[in-house]
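Small disclaimer: the values here were computed from a predicted structure and weren't measured.
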Amino acid sequence: MSIEILKTHVLDRLAEAGRRTFGQAAEGVEIVFPPDLQLGHFAVGCFPLSKQLRKSPAEIAKTLAAAISADEVIESAAAAGPYINFRLANRVFFGGVIDAILAAGDRYGDSPVGRNRRVMVEYLSPNTNKPLHLGHLRNAALGISVSRMLEATGHRLVKSILINDRGVHICKSMLAWERFGNGATPASEGVKGDHFVGKWYVRYAIESEKDPSLEKSIQDMLKRWEEGDPKTIELWKRMNQWVYDGFAETYRRFGMDFDVFYYESDTYKLGKDVIGEGMGKGVFARDERGNTVYHLPEKQFGLEKNGASKKVTVLRPDGTSLYITQDIGTAILKVTQHNLDSSIYVVGSEQEHHFKCLFSMLGALGYAWASNCYHLSYGMVYLPEGKMKSREGKVVDADDLIAGMVELAEEEIRRRDPEHKLSDGEIRQRAAVIGTGAVKYYLLRVRPTQSINFDPAESISFDGFTGPYCQYAYARIFGILEKAGQRGMEGGSADLALLGNIEELLLLKMLIQFPEEVASGVAEYNPSRVAVHVFNTAKAFNQFYNKHAVLQAGSSELTAARLALIRATAAVLKRGLNLLGIDVLENM
RNA sequence: GCGCCUGUAGCUCAGUUGGAUAGAGCAACGGACUUCUAAUCCGUAGGCCGGGGGUUCGAAUCCCUCCAGGCGCGCCA
């Protein structure tokens with residue numbers, strides 16, 4: 001009997017009690033959990049019935065509760081003020097939930113709401129002139145998690161990345177390397193490619209302070225690039241490849257994967273063409289300075305102070321493209337190449353205006369799918385000393401952060417292995433899972449709209465509300481299950497009527513609520529829903545674990561029942577963490 | 001000036017489709033490892049849910065208003 005059937009049964013009995021006592025079915029109420037599970041397993045607030053029956057909720061609750069007799073599901077019904085608390089038979093309450101979870105396995109909590117909808121999630125969008133930083137990691141953690149949650153709801157997913165590989169900022173690292181690099185390469189320096197190129201980007205900033213003429217050289221280089229000068233293109237390709245090699249390593253470490261790579265250099269021309277067509281249709285106009293502009297609709301964007309319409313420039317007077325130019329091209333490519341129903345952009349909140357403009361423009365160009373584009377906006381990540389600024393070196397480097405966390409995890413693992421039973425390889429593998437899990441969890445545990453104040457001390461904690469805490473609960477369960485297997489305690493059907501103490505009830509409640517939290521998380525594009533719930537589940541398990549023994553439960557029947565409960569718990573923890581892009585470990 | 005976001009315990013945050021005494025982590029203090037992994041658990045302390053007004057039987061949650069902070073507001077990305 002699934003949890004839905006149990007709820008339906010209680011509601012049916014309630015409706016029937018209403019017919020007998022008030023002459024009409026008691027309907028329109030909702031099953032909730034009592035604040036304290038000692039009060040009962042299910043509860044119903046009688047507020048909605050108050051109006052139609054013209055009696056106080058408390059009076060209704062009292063009458064209905066008295067009219068409900070026990071059956072094979074309901075053990076008792078008791079009024080408590082305006083609420084009716086239902087105590088259910090443990091056999092069906094625990095049995096219904098646990099059986100459903102064990103049957104669904106890793107797919108418990110999945111739903112088919114998004115079946116067959118093709119959706120693209122674009123995340124990361126790095127520049128090829130510097131390595132990734134903490135802000136990128138928040139972006140990636142969100143992108144990975146939202147992708148998995150969409151898959152869990154039946155969407156057909158295409159994960160994409162947009163690489164900003166052209167423009168004046170890219171030329172800066174190229175010029176610095178050309179002038180001062182003396183042929184050095186990432187290999188010759190023993191430096192990861194993206195860090196190597198990033199070093200030249202910083203070098204440019206330093207040199208251009210001393211020598212303002214470099215600005216001119218940059219413009220010349222950009223012009224040569226746009227004209228397709230073979231030497232410049234070759235340099236560009238070579239340095240970009242260094243960066244891609246470096247990025248690939250970071251993608252691997254953090255678990256990012258992409259089905260499609262878009263490059264601004266491939267899409268800006270399409271954007272220009274589309275703008276040209278749009279000119280003909282009157283979507284765009286030329287302003288007094290020669291810019292090609294899009295006038296933003298007053299209804300959505302309002303007007304300038306002087307009453308003129310607001311506008312956004314899509315091409316410079318010389319016809320060169322801007323950020324939004326290539327975005328138009330990329331948006332169209334995405335939909336046409338992949339036949340998308342919707343397109344999600346995981347990009348920071350500072351670009352909300354940009355995407356509003358872009359989507360408005362696409363609509364004006366006649367693309368009906370523009371209304372299915374969604375900007376998944378997330379708050380900034382601040383450092384203790386303020387905003388991150390890569391040009392000033394005020395960043396938390398992504399590779400450094402991950403490596404630091406993995407190292408801390410490794411220290412902790414070694415501390416717990418004084419007899420050196422673990423191989424170095426095993427330790428490294430565990431440390432990677434724990435370290436990256438901690439980073440991801442730290443970035444996903446708050447809702448996306450919240451800005452994050454990066455607190456180094458808090459971020460490196462493995463205690464409390466963290467990824468490792470959740471992973472640890474899973475490992476503890478695995479340890480018990482493993483021992484149970486060794487001792488031949490596995491198998492056979494358990495009598496779940498033996499369960500029912502408060503810790504078991506609280507744990508079961510978490511398992512019941514998991515699908516609702518996943519559903520809310522997907523609807524809101526908010527992985528923190530899942531992150532918080534996984535933590536609460538782990539906490540409920542730890543509370544149970546500290547109070548009750550599984551293997552030494554006192555009887556083999558009780559052991560079997562508790563094994564079923566924790567097996568279901570493990571499935572939820574694993575699936576929950578998996579939806580966050582975090583792996584579990586069987587031993588920690 | 002306008003738009004979006006944020007304001008809940010000392011700190012960082014859940015809870016925001018209105019419902020039973022507002023939750024957690026960290027920090028502080030006091031406890032629990034001869035027993036399934038102490039990356040754990042238990043206890044103590046800590047709150048005019050930014051201020052004010054309104055709607056409602058009922059508001060952290062909805063509406064109005066004010067205050068504070070962040071981000072953004074064409075020719076950067």
Side-chain angles (χ1 to χ4, degrees), chain A residues 30 32 34-36 39 43 45 47 50-51 56-57 80-83 85 125 127 164 167-169 264 287 289-296 300-305 310-317 320 322-324 326-327 348-354 356-357 377-380 382 387 409 412-413 415-416 434 438 445-447 449-453 455 457-459 461-466 468-473 475-484 487 520 523 528-529 531-533 535-536 538-539 541-553 559 562 566 587-588:
Chain A
E30 194 188 11
V32 296
D36 180 350
L39 294 170
F47 309 100
S50 182
K51 222 165 234 169
S56 77
Y83 289 90
N85 291 319
S125 44
N127 293 317
N164 296 293
V168 71
H169 54 300
E264 189 188 336
D287 77 356
R289 283 174 240 177
N291 288 309
T292 306
V293 299
Y294 171 71
H295 288 272
L296 296 163
Q300 194 188 353
F301 293 88
L303 297 171
E304 296 286 359
K305 269 166 273 182
K310 293 188 178 177
K311 48 194 176 180
V312 48
T313 300
V314 295
L315 285 177
R316 295 192 187 90
T320 56
L322 289 96
Y323 179 56
I324 203 157
Q326 62 80 25
D327 256 356
S349 61
E350 72 274 17
Q351 292 196 35
E352 268 168 25
H353 182 252
H354 168 83
K356 270 190 197 132
C357 294
S377 166
Y378 60 89
M380 326 254 323
Y382 294 98
K387 195 176 171 177
E412 180 68 24
I413 294 164
R415 198 177 61 73
R416 299 157 138 267
I434 295 166
R445 66 183 192 173
V446 303
R447 59 190 199 276
T449 49
Q450 272 285 357
S451 56
I452 292 177
N453 296 300
D455 178 341
E458 191 195 355
S459 71
S461 168
F462 294 160
D463 300 329
F465 187 27
T466 65
Y469 176 97
C470 301
Q471 291 169 320
Y472 185 61
R476 278 179 142 181
I477 294 174
F478 187 84
I480 299 173
L481 295 176
E482 199 175 37
K483 280 206 174 62
R487 298 180 194 175
S520 305
S528 83
R529 283 282 195 162
V532 169
H533 192 263
F535 170 71
N536 286 331
K539 182 163 179 62
F541 168 75
N542 278 326
Q543 288 170 328
F544 162 79
Y545 178 94
N546 269 273
K547 192 136 182 208
H548 307 285
V550 175
L551 300 179
Q552 312 286 330
T559 291
R562 286 182 174 163
I566 67 169
N587 294 286
M588 276 176 76

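Listed nucleotides: B:G74, B:A77, B:G25. Nearest to the side chain of A:R316: B:A77. Between B:A24, B:U16, B:C75, one nucleotide has an atom nearer to the side chain of A:R447 than all others, and that is B:U16.
Under the salt bridge (Lys or Arg N to Asp or Glu O under 4.0 Å) criterion, A:R416 pairs with A:E412, sequence neighbours left out. Listed by chain and number, the residues in a ring-ring contact (aromatic ring centres under 6.0 Å, His included) with A:H169 amount to none (sequence neighbours excluded). Evaluation of the salt bridge (Lys or Arg N to Asp or Glu O under 4.0 Å) rule for A:R476 yields no partner, not counting sequence neighbours. Annotation: side chain to side chain contact (heavy atoms under 4.5 Å, CB included) contacts of A:A553 (sequence neighbours excluded): A:L558, A:T559, A:R562. A:H295 meets the ring-ring contact (aromatic ring centres under 6.0 Å, His included) test with no other residue; sequence neighbours excluded. Residues meeting the salt bridge (Lys or Arg N to Asp or Glu O under 4.0 Å) test with A:E458, sequence neighbours left out: A:R445. Checked against salt bridge (Lys or Arg N to Asp or Glu O under 4.0 Å), A:E352 has no partners two or more places apart in sequence or in another chain. Remark: A:F541 pairs with A:Y545 by the ring-ring contact (aromatic ring centres under 6.0 Å, His included) rule, at least two apart or across chains.
The gap from the P atom of B:C11 to that of B:U35 amounts to 41 Å, rounded to the nearest Å. Across the C1' atoms, B:U16 and B:C49 are found 11 Å apart, a figure rounded to whole Å. Taking atom C1' in both B:G31 and B:A20, the straight-line distance is 32 Å, to the nearest Å. B:A77 sits 15 Å from B:G72 when the P atoms are compared, rounded to a whole Å. Nucleotides B:A27 and B:C71 are separated by 30 Å at their P atoms, to the nearest Å. Comparing B:C62 with B:A14, their P atoms are spaced 15 Å from each other, to the whole Å. Distance check on atom C1': B:A38 versus B:A32 gives 9 Å, rounded to whole Å. Comparing the C1' positions of B:U61 and B:G7 gives an interatomic distance of 15 Å, to the nearest angstrom.
The OH atom of A:Y378 sits 17 Å away from the P atom of B:C13 (whole-angstrom rounding). Here B:A14 presents its P atom at 9 Å from CZ of A:R445, a figure rounded to the nearest Å. Between the C1' atom of B:G25 and the CD atom of A:E458 lies a distance of 8 Å, rounded to the nearest Å. Atom-to-atom, CZ of A:F535 to C1' of B:U12 comes out at 13 Å; the value is rounded to the nearest Å. Protein atom CD of A:Q450 is 12 Å distant from nucleotide atom C1' of B:G69, rounded to whole Å. B:C75 atom C1' lies 6 Å from atom CG of A:L322, rounded to whole Å. If you measure from atom CG of A:D455 to atom P of B:G25, you get 17 Å, rounded to the nearest angstrom.
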## Note on the structure
5' to 3', nucleotides 28-44 of chain B under a 4.0 Å protein heavy-atom cut-off (B base, S sugar-phosphate only, - none) gives --------BBSBBSS--
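Along RNA chain B, the nucleotide nearest to A:K305 and the one nearest to A:T313 differ in position, and the one closer to the 5' end is contacted by A:K305.
Among the heavy atoms of the strands lying under 4.0 Å from A:N453 are primed sugar atoms or P, OP1, OP2 only; no base atom is included. A:V446 comes within contact range of the sugar-phosphate backbone alone, with a heavy-atom separation under 4.0 Å but no base atom that close.
A:T313 contributes no side-chain N or O that, together with a main-chain N or O of A:L315, makes up a donor-acceptor pair within less than 3.5 Å. A:D287 places a side-chain N or O within donor-acceptor distance of the main-chain N or O of A:R289, the cut-off being under 3.5 Å. Looking only at distances, no side-chain donor or acceptor of A:Q351 sits under 3.5 Å from a matching main-chain atom of A:G348.
Classification of the A:Y469-A:F535 ring pair by plane angle, with boundaries at 30° and 60°, yields tilted.
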## Note on the structure
Output field dot_bracket for RNA chain B (Watson-Crick or G-U, both distances under 3.5 Å, | for other-strand pairs) contains (((((((..((((.....[...)))).(((((.......))))).....(((((..]....))))))))))))....
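What you find for A:A531 and A:F465 is that their closest heavy atoms are O-CE1, 4.4 Å. Residues A:N164 and A:S125 come closest through the heavy atom pair ND2-O, 3.6 Å. A:S50 approaches A:P57 most closely through the heavy-atom pair OG-CD, 3.7 Å.
Of the side-chain N and O atoms in A:Q300, none sit less than 4.0 angstrom from OP1 or OP2 of B:G3.
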Expected rows: protein N/O vs nucleotides 20-23 of chain B N/O, under 3.5 Å:
residue, atom, partner, partner atom, Å
B:A20, N6, A:N85, OD1, 2.9
B:A20, N1, A:N85, OD1, 3.3
B:A20, N1, A:N85, ND2, 3.4

Please produce a list of atom pairs where a protein N or O lies less than 3.5 Å from an N or O of nucleotides 70-72 of chain B.
residue, atom, partner, partner atom, Å
B:G70, O3', A:Y382, OH, 3.2
B:G70, O2', A:Y382, OH, 2.2

